[in-house]
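Values reported hereafter were calculated over all heavy atoms of this structure, with side chains retained and with hydrogens, waters and symmetry mates removed.
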Amino acid sequence: MFEARHTMDAPTAMSGDGTSEGGNNTSEIGSGWFAPDREPEAQTYTPSLSHYAHLPQSDQPPSLDAVLVRRTMAGIADVADQVTSYFYALLFVRHPHLRPLFPAAMDAQRDRLLKALLTAAEHIDNTPVLVDYLQNLGRGHRKYGTRPEHYPAVGECLIGALSKYAPGVWDAETEAAWVRTYTRISQVMIDAAAADELRAPAWWFAEIVSHDLRTRDVAVVTVRPDQPYPFVAGQYTSVETPWWPRIWRHYSFASAPRSDGLLSFHVKALPAGWVSGALVHRARPGDIIRLGPPTGSMTVDHTTDRGLLCLGGGTGIAPIKALVEDVAEHGAQRSVDVFYGARTDHDLYDLDTMLRLQQSHPWLSVRAVVDRKPHRLPDAVREYGGPWHEYDAYLSGPPGMIRSGVDTLRSIGIPSERIRHDSVEELVLAQ
């Protein structure tokens, strides 16, 4: 019933030791099916639901499958934890060979599947959103060792969990709708992974070449990949350390592509951050980490000469710096206004770097905003004034700053389609 076809050779990515793999401001989460792994302190630009807010919605009534799938999700809303726990129990009991694809600790894993299913259910009739979302997940799952033959087992156990906990709405028609929906989901992911295998490895090894501790809990980590690593400023990657196998976390690139091929990340260690804590307090030059493929859509549109309005809170300044460098390398004299926010002066760990960039580029303005309230940074943008409605906007930082920032930018006339930012939904989920 759950035969996922594939049109290309199956990906056979394995981890460095020959085994299959599983993996702002929150606890850490491991890998999982249909789950975009997020490091709590990551400054990333995964295409979020808000990223697609400007896309035209269908004027047609929802399909029958969409109605049935959404009805199921509503029916299990009060028992979501039980559904996901039962799903993983079924999966590991019926298919124990899949257990190594997941991290040893599953405590924080429970919400990931439901989050992805809710996203798929919400956009089941919006093909551009759904396909883009699933293609990103399919490509990203290559580093876990996910293969086409794994998908039927996941579908079987998903149907088993849903049917058990949604008896009031579950019937043959609903099950058929879920089979069709899951088949569609899995096929998009399988095809995306197979296509990606033809052009890129599942991961890159990278040696740490410098480790600059800027504050007691923030480090700038620079690595040298073992082979060319193509990316665009504003994108991000996933990182696995040798100390936490199968735990992957996302970090934005802190510079535009460099001629020497080196990559830098800004990492803030949090009490519950396994990967972040290791990268800040344990990693040293010579250590080897692994990188997933680059992804993310928060990049500069070089077909326009509109100015850039950039808000970076805390370590969210990392991708903002990369965007500034990208504009400089393209030689365009377009205005770039950066508002760099932090709770204290000490937390403005990269201000000197940004001010040096300002001295080198007359089109760049950098303003520091120090306040313990996350909404203060967007307020500073409003108070400063400027023809912001003519700009493209970029935001990176804590969820509270992102939310208030988006509201502020919309209120001063910047269209939603020209506002790029972290995925607030996933940042909140990771807490």
Trainee: Picking from Ile185, Asp65, Val69, what satisfies side-chain contact (heavy atoms from CB on, under 4.5 Å) with Arg180?
Mentor: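 Going through Ile185, Asp65, Val69 one by one, the side-chain contact (heavy atoms from CB on, under 4.5 Å) with Arg180 is satisfied by Asp65 alone.
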
Trainee: Where do Ala254 and Lys321 come nearest, in terms of heavy atoms and distance?
Mentor: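 Closest approach of Ala254 to Lys321, heavy atoms only: O-NZ, 3.0 Å.
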
Trainee: For residues 361-368, tabulate all N or O donor-acceptor pairs below 3.5 Å that involve a side-chain atom, not counting sequence neighbours.
Mentor:
from   : atom 1 : to     : atom 2 : distance (Å)
Arg367 : NH1    : Asp337 : OD2    : 3.0
Arg367 : NH2    : Asp337 : OD2    : 3.4
Arg367 : NH2    : Tyr384 : OH     : 2.5

Trainee: Should we say atom CZ of Arg284 is surrounded by more than 12 heavy atoms from elsewhere, each under 6.0 Å from it?
Mentor: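 Buried by this count: over 12 neighbours within 6.0 Å.
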
Trainee: Which of these passes side-chain contact (heavy atoms from CB on, under 4.5 Å) with Leu395: Ile402, Thr408, Ile320, Val381?
Mentor: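 Considering Ile402, Thr408, Ile320, Val381, a side-chain contact (heavy atoms from CB on, under 4.5 Å) with Leu395 is found only for Ile402.
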
Trainee: Using a strict cut-off of less than 4.0 Å between a Lys/Arg side-chain nitrogen and an Asp/Glu carboxylate oxygen, indicate whether Glu383 and Arg376 qualify as a salt bridge.
Mentor: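 Answer for the salt bridge query: yes.
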
Trainee: Over 60° means perpendicular and under 30° means parallel, so tell me whether Phe253 and Phe265 are parallel, tilted or perpendicular.
Mentor: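 Ring orientation, 0 to 90° scale: tilted.
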
Trainee: Please find the pair of heavy atoms, one from Tyr251 and one from His266, that lie closest to each other, and give the distance.
Mentor: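 That would be CD2-O, 4.0 Å.
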
Trainee: Does a side chain donor of either Asp347 or Thr344 reach within less than 3.5 Å of an acceptor in the other side chain?
Mentor: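 Judged by distance alone, the side chains do pair up.
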
Trainee: Look at the rings of Tyr236 and His250 and say which category their plane angle falls in: under 30° parallel, 30 to 60° tilted, over 60° perpendicular.
Mentor: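 Rings of Tyr236 and His250: tilted, 30 to 60°.
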
Trainee: Knowing that exactly one of Thr127, Leu134, Asn126 qualifies, which makes a side-chain contact (heavy atoms from CB on, under 4.5 Å) with Leu130?
Mentor: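 It is Leu134, the one option of Thr127, Leu134, Asn126 that forms the side-chain contact (heavy atoms from CB on, under 4.5 Å) with Leu130.
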
Trainee: For Arg199, enumerate each residue passing the side-chain hydrogen bond (donor to acceptor under 3.5 Å, both in side chains) test, keeping only those at least two apart in sequence or located in another chain.
Mentor: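 Once residues adjacent in sequence are excluded, the partners of Arg199 under the side-chain hydrogen bond (donor to acceptor under 3.5 Å, both in side chains) criterion are Asp196.
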
